[in-house]
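Following: one structure in C-alpha coordinates, then a few remarks.
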Amino acid sequence: MNDAASRPESWSKVLLTGAQMLFVAFGALVLVPLLTGLDPSVALFTAGAGTLVFHAVTRKAVPVFLASSFAFIAPIQGSIASFGVPATMGGLMASGLVYVAISQAVRVRGTGWLNRLLPAVVVGPVIMVIGLALAPVAVSMATGETSDIIGYGQAIFLSMASLLVTLVLAVFGRGLLRLIPIMGGIVTGYALALIMGVVDFTPVHEAAWLALPSFTAPSFHWAAILFMIPVAIAPAVEHIGDMVAIGSVTRKNYLEKPGLHRTLLGDGLATTTAALFGGPPNTTYSEVTGAVTLTRAFNPNYMIVAAIIAIVLAFVGKLGALLQTIPGPVMGGIMTLLFGSIAVVGMNTLVRAGQSLTAPRNLVVVSLILVFGIGGMQFGGGQFTLQGVSLAALVGIALNWLLPLEKEGE
(Lines give C-alpha, C1' and ligand atoms only; values in the text may rest on other atoms or scores of the structure.)
Protein backbone atom coordinates (compact mmCIF):
# COMPACT_ATOMS: atom_id res chain seq x y z
CA MET A 1 0.00 0.00 0.00
CA ASN A 2 2.78 2.40 0.94
CA ASP A 3 4.72 1.43 -2.19
CA ALA A 4 1.71 2.28 -4.35
CA ALA A 5 1.24 5.58 -2.58
CA SER A 6 4.87 6.56 -3.03
CA ARG A 7 5.05 5.53 -6.70
CA PRO A 8 5.18 8.62 -8.95
CA GLU A 9 2.10 9.17 -11.10
CA SER A 10 2.33 9.31 -14.87
CA TRP A 11 2.35 12.77 -16.45
CA SER A 12 -0.61 11.79 -18.61
CA LYS A 13 -2.74 11.06 -15.52
CA VAL A 14 -1.66 14.28 -13.81
CA LEU A 15 -2.39 16.28 -16.99
CA LEU A 16 -5.82 14.73 -17.59
CA THR A 17 -6.87 15.01 -13.94
CA GLY A 18 -5.69 18.62 -13.80
CA ALA A 19 -7.64 19.43 -16.98
CA GLN A 20 -10.75 17.83 -15.45
CA MET A 21 -10.41 19.99 -12.34
CA LEU A 22 -10.30 23.12 -14.51
CA PHE A 23 -13.32 21.87 -16.48
CA VAL A 24 -15.30 21.50 -13.23
CA ALA A 25 -14.37 25.05 -12.17
CA PHE A 26 -14.69 26.62 -15.62
CA GLY A 27 -18.39 27.50 -15.62
CA ALA A 28 -18.27 29.35 -12.30
CA LEU A 29 -14.84 30.83 -13.08
CA VAL A 30 -15.99 32.68 -16.20
CA LEU A 31 -19.47 33.42 -14.82
CA VAL A 32 -18.19 36.09 -12.43
CA PRO A 33 -16.43 38.23 -15.09
CA LEU A 34 -19.35 37.78 -17.50
CA LEU A 35 -21.77 39.08 -14.85
CA THR A 36 -19.56 41.95 -13.72
CA GLY A 37 -18.31 43.19 -17.10
CA LEU A 38 -14.72 42.06 -16.58
CA ASP A 39 -12.67 40.14 -19.17
CA PRO A 40 -13.11 36.32 -18.92
CA SER A 41 -9.60 35.81 -20.35
CA VAL A 42 -8.15 37.93 -17.54
CA ALA A 43 -10.17 35.88 -15.03
CA LEU A 44 -8.69 32.67 -16.46
CA PHE A 45 -5.18 34.12 -16.17
CA THR A 46 -5.67 35.42 -12.63
CA ALA A 47 -7.32 32.18 -11.46
CA GLY A 48 -4.26 30.29 -12.66
CA ALA A 49 -1.82 32.84 -11.26
CA GLY A 50 -3.70 33.06 -7.95
CA THR A 51 -3.73 29.27 -7.57
CA LEU A 52 0.03 29.15 -8.15
CA VAL A 53 0.55 31.91 -5.56
CA PHE A 54 -1.58 30.01 -3.04
CA HIS A 55 0.36 26.79 -3.52
CA ALA A 56 3.67 28.63 -3.26
CA VAL A 57 2.60 30.12 0.10
CA THR A 58 1.17 26.84 1.46
CA ARG A 59 4.03 24.73 0.02
CA LYS A 60 1.75 22.52 -2.08
CA ALA A 61 -0.04 21.11 0.97
CA VAL A 62 -3.75 21.59 0.11
CA PRO A 63 -5.49 20.18 -3.02
CA VAL A 64 -7.55 23.28 -3.89
CA PHE A 65 -8.07 25.45 -6.97
CA LEU A 66 -8.72 29.18 -6.57
CA ALA A 67 -10.87 31.19 -8.98
CA SER A 68 -13.49 33.96 -9.24
CA SER A 69 -15.35 34.59 -5.97
CA PHE A 70 -19.18 34.73 -6.13
CA ALA A 71 -19.30 36.78 -2.92
CA PHE A 72 -17.87 39.78 -4.75
CA ILE A 73 -20.27 39.78 -7.76
CA ALA A 74 -22.76 42.32 -6.38
CA PRO A 75 -20.08 44.58 -4.83
CA ILE A 76 -18.04 44.59 -8.06
CA GLN A 77 -21.13 45.49 -10.10
CA GLY A 78 -21.94 48.33 -7.72
CA SER A 79 -18.35 49.55 -7.51
CA ILE A 80 -17.79 49.55 -11.28
CA ALA A 81 -21.01 51.54 -11.75
CA SER A 82 -19.90 54.12 -9.15
CA PHE A 83 -16.10 54.25 -9.48
CA GLY A 84 -15.05 52.45 -12.70
CA VAL A 85 -12.95 49.33 -13.23
CA PRO A 86 -9.46 50.63 -12.23
CA ALA A 87 -10.70 52.03 -8.89
CA THR A 88 -12.64 48.81 -8.27
CA MET A 89 -9.43 46.84 -8.76
CA GLY A 90 -7.74 49.11 -6.21
CA GLY A 91 -10.52 48.32 -3.74
CA LEU A 92 -10.16 44.61 -4.43
CA MET A 93 -6.42 44.78 -3.83
CA ALA A 94 -7.19 46.34 -0.45
CA SER A 95 -9.64 43.49 0.23
CA GLY A 96 -6.86 41.01 -0.42
CA LEU A 97 -4.70 42.85 2.08
CA VAL A 98 -7.50 42.44 4.66
CA TYR A 99 -7.01 38.67 4.30
CA VAL A 100 -3.27 39.18 4.79
CA ALA A 101 -3.86 41.24 7.95
CA ILE A 102 -6.29 38.62 9.33
CA SER A 103 -3.78 35.85 8.55
CA GLN A 104 -1.09 37.58 10.59
CA ALA A 105 -3.50 38.21 13.47
CA VAL A 106 -4.42 34.49 13.38
CA ARG A 107 -0.72 33.58 13.38
CA VAL A 108 -0.12 35.70 16.50
CA ARG A 109 -3.40 35.40 18.42
CA GLY A 110 -5.13 32.25 17.12
CA THR A 111 -8.74 32.18 15.87
CA GLY A 112 -10.66 32.96 19.07
CA TRP A 113 -10.73 36.73 18.48
CA LEU A 114 -12.05 36.20 14.93
CA ASN A 115 -15.00 34.18 16.20
CA ARG A 116 -15.79 36.87 18.78
CA LEU A 117 -15.54 39.72 16.26
CA LEU A 118 -17.53 37.92 13.58
CA PRO A 119 -20.08 35.55 15.13
CA ALA A 120 -22.78 33.88 13.05
CA VAL A 121 -25.29 36.60 13.97
CA VAL A 122 -23.11 39.06 11.99
CA VAL A 123 -21.66 36.86 9.25
CA GLY A 124 -24.96 35.15 8.34
CA PRO A 125 -26.99 38.25 7.48
CA VAL A 126 -23.98 39.90 5.78
CA ILE A 127 -23.75 36.90 3.43
CA MET A 128 -27.51 37.22 2.82
CA VAL A 129 -27.04 40.89 1.89
CA ILE A 130 -24.28 39.93 -0.56
CA GLY A 131 -26.71 37.59 -2.30
CA LEU A 132 -29.83 39.76 -2.27
CA ALA A 133 -28.55 43.32 -2.66
CA LEU A 134 -28.56 43.18 -6.44
CA ALA A 135 -31.26 40.55 -6.99
CA PRO A 136 -33.14 43.08 -9.19
CA VAL A 137 -30.15 43.02 -11.59
CA ALA A 138 -30.60 39.28 -12.08
CA VAL A 139 -34.31 39.73 -12.79
CA SER A 140 -33.72 42.58 -15.27
CA MET A 141 -31.20 40.45 -17.18
CA ALA A 142 -33.51 37.42 -17.12
CA THR A 143 -36.42 39.43 -18.53
CA GLY A 144 -34.32 40.98 -21.32
CA GLU A 145 -34.27 44.55 -20.03
CA THR A 146 -30.49 44.74 -20.52
CA SER A 147 -30.53 43.30 -24.05
CA ASP A 148 -31.06 45.34 -27.21
CA ILE A 149 -31.89 42.47 -29.59
CA ILE A 150 -33.82 40.04 -27.37
CA GLY A 151 -37.47 40.72 -26.54
CA TYR A 152 -39.29 39.82 -23.33
CA GLY A 153 -40.78 36.54 -24.59
CA GLN A 154 -37.48 35.23 -25.96
CA ALA A 155 -35.62 36.39 -22.85
CA ILE A 156 -37.98 34.62 -20.44
CA PHE A 157 -37.76 31.41 -22.49
CA LEU A 158 -33.95 31.48 -22.54
CA SER A 159 -33.51 32.43 -18.88
CA MET A 160 -36.01 29.91 -17.53
CA ALA A 161 -34.65 27.09 -19.74
CA SER A 162 -31.12 27.81 -18.48
CA LEU A 163 -32.39 27.95 -14.90
CA LEU A 164 -34.37 24.70 -15.26
CA VAL A 165 -31.39 22.72 -16.58
CA THR A 166 -29.17 24.11 -13.82
CA LEU A 167 -31.75 23.09 -11.20
CA VAL A 168 -32.17 19.58 -12.63
CA LEU A 169 -28.41 18.95 -12.77
CA ALA A 170 -27.87 20.34 -9.27
CA VAL A 171 -30.65 18.26 -7.72
CA PHE A 172 -30.80 15.08 -9.83
CA GLY A 173 -27.37 14.95 -11.49
CA ARG A 174 -24.97 12.13 -10.63
CA GLY A 175 -21.19 11.93 -10.79
CA LEU A 176 -19.47 14.63 -12.85
CA LEU A 177 -22.79 16.10 -14.05
CA ARG A 178 -23.67 17.13 -10.50
CA LEU A 179 -20.43 19.13 -10.30
CA ILE A 180 -21.16 21.28 -13.37
CA PRO A 181 -24.79 22.47 -13.11
CA ILE A 182 -23.89 26.07 -14.00
CA MET A 183 -22.00 25.03 -17.12
CA GLY A 184 -24.89 22.75 -18.12
CA GLY A 185 -27.36 25.62 -17.81
CA ILE A 186 -25.19 28.01 -19.80
CA VAL A 187 -24.55 25.47 -22.58
CA THR A 188 -28.29 24.70 -22.86
CA GLY A 189 -29.25 28.38 -22.93
CA TYR A 190 -26.53 29.17 -25.46
CA ALA A 191 -27.65 26.32 -27.74
CA LEU A 192 -31.25 27.56 -27.64
CA ALA A 193 -30.07 31.12 -28.36
CA LEU A 194 -28.18 29.83 -31.41
CA ILE A 195 -31.32 28.10 -32.68
CA MET A 196 -33.30 31.31 -32.13
CA GLY A 197 -30.64 33.35 -33.96
CA VAL A 198 -29.98 35.86 -31.18
CA VAL A 199 -26.21 35.28 -30.79
CA ASP A 200 -23.90 37.91 -32.29
CA PHE A 201 -20.61 36.33 -33.44
CA THR A 202 -19.02 39.61 -34.52
CA PRO A 203 -16.60 39.70 -31.53
CA VAL A 204 -15.41 36.16 -32.35
CA HIS A 205 -14.75 37.00 -36.00
CA GLU A 206 -12.82 40.12 -35.02
CA ALA A 207 -10.71 38.42 -32.30
CA ALA A 208 -7.30 36.91 -33.02
CA TRP A 209 -6.55 33.29 -32.15
CA LEU A 210 -3.75 34.36 -29.86
CA ALA A 211 -4.13 37.64 -27.97
CA LEU A 212 -2.99 39.28 -24.77
CA PRO A 213 -5.85 39.43 -22.23
CA SER A 214 -7.20 42.94 -21.56
CA PHE A 215 -5.30 43.52 -18.32
CA THR A 216 -6.40 46.55 -16.29
CA ALA A 217 -4.05 48.29 -13.86
CA PRO A 218 -5.63 49.31 -10.52
CA SER A 219 -6.00 52.88 -9.30
CA PHE A 220 -6.62 53.81 -5.68
CA HIS A 221 -9.53 55.93 -4.42
CA TRP A 222 -10.68 56.07 -0.81
CA ALA A 223 -14.36 55.71 -1.68
CA ALA A 224 -13.82 52.51 -3.67
CA ILE A 225 -11.51 51.09 -1.00
CA LEU A 226 -13.98 51.83 1.82
CA PHE A 227 -16.76 50.36 -0.32
CA MET A 228 -14.92 47.08 -0.93
CA ILE A 229 -12.91 46.30 2.24
CA PRO A 230 -15.83 45.11 4.43
CA VAL A 231 -16.89 42.69 1.69
CA ALA A 232 -13.75 40.65 2.44
CA ILE A 233 -15.01 39.79 5.92
CA ALA A 234 -17.54 37.13 4.92
CA PRO A 235 -15.28 35.28 2.41
CA ALA A 236 -12.42 35.34 4.93
CA VAL A 237 -14.63 33.61 7.50
CA GLU A 238 -15.95 31.23 4.81
CA HIS A 239 -12.34 30.34 4.01
CA ILE A 240 -12.09 28.54 7.37
CA GLY A 241 -15.07 26.39 6.42
CA ASP A 242 -13.50 25.60 3.05
CA MET A 243 -10.30 24.41 4.72
CA VAL A 244 -12.29 22.22 7.13
CA ALA A 245 -14.31 20.81 4.21
CA ILE A 246 -11.32 19.81 2.08
CA GLY A 247 -9.60 18.50 5.22
CA SER A 248 -12.57 16.22 5.97
CA VAL A 249 -12.23 14.80 2.45
CA THR A 250 -8.49 14.17 2.61
CA ARG A 251 -8.54 13.39 6.37
CA LYS A 252 -5.94 16.03 7.14
CA ASN A 253 -6.06 19.06 9.45
CA TYR A 254 -5.05 21.97 7.25
CA LEU A 255 -5.80 24.45 10.04
CA GLU A 256 -2.69 23.04 11.76
CA LYS A 257 -0.51 22.14 8.77
CA PRO A 258 0.21 24.26 6.78
CA GLY A 259 -1.85 26.35 9.24
CA LEU A 260 -4.83 28.67 8.83
CA HIS A 261 -2.51 31.68 8.80
CA ARG A 262 -0.74 30.31 5.70
CA THR A 263 -3.93 29.39 3.82
CA LEU A 264 -5.47 32.79 4.58
CA LEU A 265 -2.25 34.49 3.50
CA GLY A 266 -2.24 32.49 0.25
CA ASP A 267 -5.89 33.36 -0.40
CA GLY A 268 -5.27 37.06 0.29
CA LEU A 269 -2.19 37.27 -1.91
CA ALA A 270 -4.07 35.41 -4.66
CA THR A 271 -6.85 38.03 -4.55
CA THR A 272 -4.36 40.91 -4.52
CA THR A 273 -2.52 39.35 -7.48
CA ALA A 274 -5.79 38.97 -9.40
CA ALA A 275 -6.74 42.62 -8.83
CA LEU A 276 -3.26 43.72 -9.92
CA PHE A 277 -4.05 42.40 -13.41
CA GLY A 278 -7.74 43.40 -13.52
CA GLY A 279 -9.30 40.07 -12.53
CA PRO A 280 -12.00 39.21 -9.97
CA PRO A 281 -10.99 38.14 -6.43
CA ASN A 282 -10.02 34.51 -5.91
CA THR A 283 -11.45 31.98 -3.51
CA THR A 284 -11.25 28.23 -3.01
CA TYR A 285 -13.86 26.41 -5.13
CA SER A 286 -16.40 24.03 -3.59
CA GLU A 287 -16.98 22.51 -7.05
CA VAL A 288 -13.37 21.40 -7.14
CA THR A 289 -13.60 20.06 -3.58
CA GLY A 290 -16.57 18.00 -4.79
CA ALA A 291 -14.52 16.71 -7.71
CA VAL A 292 -11.69 15.81 -5.34
CA THR A 293 -14.20 13.87 -3.22
CA LEU A 294 -15.56 12.02 -6.25
CA THR A 295 -12.23 11.17 -7.91
CA ARG A 296 -10.06 10.85 -4.76
CA ALA A 297 -7.54 13.12 -6.49
CA PHE A 298 -5.70 14.36 -3.38
CA ASN A 299 -2.44 15.34 -5.08
CA PRO A 300 -1.99 19.17 -5.09
CA ASN A 301 -0.01 18.80 -8.34
CA TYR A 302 -3.35 18.30 -10.14
CA MET A 303 -4.35 21.83 -9.14
CA ILE A 304 -1.03 23.26 -10.29
CA VAL A 305 -1.56 21.64 -13.70
CA ALA A 306 -5.12 23.07 -13.81
CA ALA A 307 -3.68 26.52 -13.01
CA ILE A 308 -1.10 26.31 -15.83
CA ILE A 309 -3.78 25.21 -18.33
CA ALA A 310 -5.97 28.16 -17.26
CA ILE A 311 -3.09 30.59 -17.87
CA VAL A 312 -2.45 29.11 -21.34
CA LEU A 313 -6.16 29.30 -22.28
CA ALA A 314 -6.22 32.98 -21.23
CA PHE A 315 -4.14 33.83 -24.30
CA VAL A 316 -6.59 32.19 -26.75
CA GLY A 317 -8.35 35.35 -27.92
CA LYS A 318 -11.27 33.65 -29.67
CA LEU A 319 -12.19 31.76 -26.49
CA GLY A 320 -12.59 35.00 -24.53
CA ALA A 321 -14.61 36.54 -27.37
CA LEU A 322 -16.84 33.46 -27.60
CA LEU A 323 -17.64 33.63 -23.88
CA GLN A 324 -18.73 37.25 -24.29
CA THR A 325 -21.33 36.27 -26.92
CA ILE A 326 -23.45 34.46 -24.30
CA PRO A 327 -26.79 36.34 -24.24
CA GLY A 328 -27.71 38.34 -21.14
CA PRO A 329 -30.95 36.43 -20.41
CA VAL A 330 -29.02 33.15 -20.22
CA MET A 331 -26.73 34.66 -17.58
CA GLY A 332 -29.73 36.28 -15.85
CA GLY A 333 -31.43 32.92 -15.41
CA ILE A 334 -28.31 31.53 -13.75
CA MET A 335 -27.99 34.66 -11.57
CA THR A 336 -31.48 34.27 -10.11
CA LEU A 337 -30.42 30.95 -8.62
CA LEU A 338 -26.89 32.05 -7.81
CA PHE A 339 -27.81 35.16 -5.82
CA GLY A 340 -30.53 33.25 -4.00
CA SER A 341 -28.17 30.40 -3.12
CA ILE A 342 -25.67 32.85 -1.61
CA ALA A 343 -28.47 34.21 0.57
CA VAL A 344 -29.36 30.65 1.63
CA VAL A 345 -25.75 30.06 2.68
CA GLY A 346 -26.08 33.07 4.98
CA MET A 347 -29.42 31.80 6.30
CA ASN A 348 -27.84 28.39 6.96
CA THR A 349 -25.03 30.10 8.89
CA LEU A 350 -27.65 31.61 11.21
CA VAL A 351 -29.60 28.36 11.58
CA ARG A 352 -26.51 26.28 12.39
CA ALA A 353 -25.51 28.74 15.11
CA GLY A 354 -28.62 27.63 17.02
CA GLN A 355 -29.31 31.06 18.55
CA SER A 356 -32.75 32.58 18.98
CA LEU A 357 -33.19 35.24 16.30
CA THR A 358 -36.13 36.76 18.20
CA ALA A 359 -33.98 37.50 21.25
CA PRO A 360 -33.82 41.35 21.40
CA ARG A 361 -30.04 41.63 20.84
CA ASN A 362 -29.95 39.23 17.88
CA LEU A 363 -33.14 40.71 16.44
CA VAL A 364 -31.59 44.20 16.39
CA VAL A 365 -28.29 43.06 14.84
CA VAL A 366 -29.81 40.90 12.10
CA SER A 367 -32.63 43.32 11.27
CA LEU A 368 -30.41 46.36 10.80
CA ILE A 369 -27.83 44.45 8.74
CA LEU A 370 -30.55 43.23 6.36
CA VAL A 371 -32.46 46.51 6.00
CA PHE A 372 -29.38 48.73 5.73
CA GLY A 373 -27.71 46.35 3.25
CA ILE A 374 -30.69 45.56 1.01
CA GLY A 375 -32.74 48.74 1.43
CA GLY A 376 -30.09 51.12 0.10
CA MET A 377 -29.25 53.00 3.31
CA GLN A 378 -26.34 55.40 2.80
CA PHE A 379 -24.10 57.31 5.22
CA GLY A 380 -21.84 60.16 4.15
CA GLY A 381 -21.27 61.44 0.64
CA GLY A 382 -18.66 62.05 -2.02
CA GLN A 383 -15.42 60.19 -1.42
CA PHE A 384 -16.57 58.80 1.93
CA THR A 385 -19.89 57.12 1.18
CA LEU A 386 -20.83 53.96 3.05
CA GLN A 387 -23.64 51.84 1.64
CA GLY A 388 -24.63 48.30 0.69
CA VAL A 389 -22.58 45.36 1.96
CA SER A 390 -19.83 47.53 3.45
CA LEU A 391 -22.28 49.55 5.56
CA ALA A 392 -24.17 46.41 6.61
CA ALA A 393 -20.97 44.65 7.71
CA LEU A 394 -19.69 47.61 9.72
CA VAL A 395 -23.08 48.18 11.39
CA GLY A 396 -23.25 44.49 12.32
CA ILE A 397 -19.73 44.46 13.78
CA ALA A 398 -20.37 47.67 15.74
CA LEU A 399 -23.71 46.49 17.16
CA ASN A 400 -22.26 43.10 18.10
CA TRP A 401 -19.43 44.86 19.91
CA LEU A 402 -21.54 47.51 21.68
CA LEU A 403 -24.70 45.63 22.69
CA PRO A 404 -24.37 43.63 25.91
CA LEU A 405 -24.60 39.84 25.65
CA GLU A 406 -27.82 38.38 27.00
CA LYS A 407 -27.58 36.28 30.13
CA GLU A 408 -28.40 32.58 30.07
CA GLY A 409 -32.11 31.95 30.44
CA GLU A 410 -33.22 35.41 29.31
Side-chain angles (χ1 to χ4, degrees), residues 69 71-72 74-76 78-79 91-92 94-133 222-242 260-261 264 267-268 271 281 283 342-343 345-380 384-406:
S69 171
F72 283 87
I76 289 174
S79 181
L92 292 173
S95 294
L97 295 178
V98 170
Y99 284 67
V100 174
I102 293 174
S103 75
Q104 296 313 296
V106 167
R107 182 176 65 84
V108 174
R109 301 282 303 275
T111 59
W113 68 273
L114 191 59
N115 296 327
R116 289 191 297 272
L117 181 69
L118 299 167
V121 74
V122 173
V123 174
V126 167
I127 295 174
M128 293 174 69
V129 168
I130 289 172
L132 296 177
W222 278 112
I225 291 172
L226 289 173
F227 180 87
M228 199 62 72
I229 278 181
V231 182
I233 292 171
V237 174
E238 186 184 1
H239 173 93
I240 301 173
D242 291 337
L260 179 61
H261 64 286
L264 269 170
D267 205 339
T271 288
T283 189
I342 294 173
V345 169
M347 195 183 305
N348 190 49
T349 301
L350 282 173
V351 171
R352 289 176 62 183
Q355 298 178 7
S356 173
L357 296 182
T358 55
R361 181 184 188 277
N362 294 340
L363 183 68
V364 168
V365 174
V366 175
S367 299
L368 290 182
I369 289 175
L370 291 176
V371 174
F372 279 26
I374 298 173
M377 180 64 76
Q378 176 178 315
F379 288 167
F384 294 95
T385 302
L386 276 175
Q387 58 186 350
V389 179
S390 54
L391 175 61
L394 292 178
V395 165
I397 291 171
L399 288 173
N400 179 66
W401 182 44
L402 294 171
L403 296 178
L405 291 171
E406 291 169 348

Nearest-0.5 Å distance that lies between atom CD1 in Ile102 and atom CH2 in Trp113: 5.5 Å

Met377 and Val395: CA distance, side-chain angles, deciding distance, side-chain contact (heavy atoms from CB on, under 4.5 Å) verdict: CA-CA 11 Å; Met377 180 64 76; Val395 165; over 6 Å; no

Residue pair Ile229 / Val98: nearest heavy atoms and the distance that separates them: CG2-CG2, 3.7 Å

Smallest separation among heavy atoms of Ala232 and Phe72, with atom names: CA-CZ, 4.0 Å

Heavy-atom pair with the smallest gap, counting every atom of Val121 and Ile369: O-CD1, 4.1 Å

Set of residues satisfying side-chain contact (heavy atoms from CB on, under 4.5 Å) with respect to Leu260, sequence neighbours excluded: Val106, Thr111, His239, Ile240, Leu255, Thr263, Leu264

Close side-chain approach of Pro404 to Arg361, heavy-atom, < 4.5 Å: no

Shortest non-hydrogen contact between Pro125 and Leu370, atoms and distance: O-CD2, 3.9 Å

Test side chain to side chain donor-acceptor pair (under 3.5 Å) applied to Thr349 - qualifying residues, sequence neighbours left out: none

For Ala120 against Ala353, the heavy-atom pair lying closest together: CB-CB, 3.4 Å

Residues in side chain to side chain donor-acceptor pair (under 3.5 Å) contact with His261, at least two apart in sequence or another chain: none

Summary of ring pair (Phe, Tyr, Trp, His ring centres under 6.0 Å) pairs that have at least one residue in residues 346-378, sequence neighbours excluded: Phe372-Phe379

Closest non-hydrogen atom pair, Ala94 against Ile225: CB-CG2, 3.8 Å

Criterion side-chain contact (heavy atoms from CB on, under 4.5 Å) on Asp267 and Asp242, from CA distance to verdict: CA-CA 11 Å; Asp267 205 339; Asp242 291 337; over 6 Å; no

Sidechain-backbone polar pair: Ser79 side chain, Pro75 backbone, donor-acceptor under 3.5 Å: no

With Ile397 via side-chain contact (heavy atoms from CB on, under 4.5 Å) - residues at least two apart: Leu117, Leu118, Val122, Ile233

Heavy-atom side-chain contact between Pro230 and Leu391 under 4.5 Å: no

Qualifying residues under side chain to side chain donor-acceptor pair (under 3.5 Å), relative to Ser356, sequence neighbours excluded: Thr358

For Val364, all residues meeting side-chain contact (heavy atoms from CB on, under 4.5 Å), sequence neighbours excluded: Leu368, Leu399, Leu403

Any side-chain donor near an acceptor of the partner, Asn400 and Arg116, under 3.5 Å: no

Sequence-distant partners of Ala71, side-chain contact (heavy atoms from CB on, under 4.5 Å), two or more places apart: Ser69, Ile130, Pro235

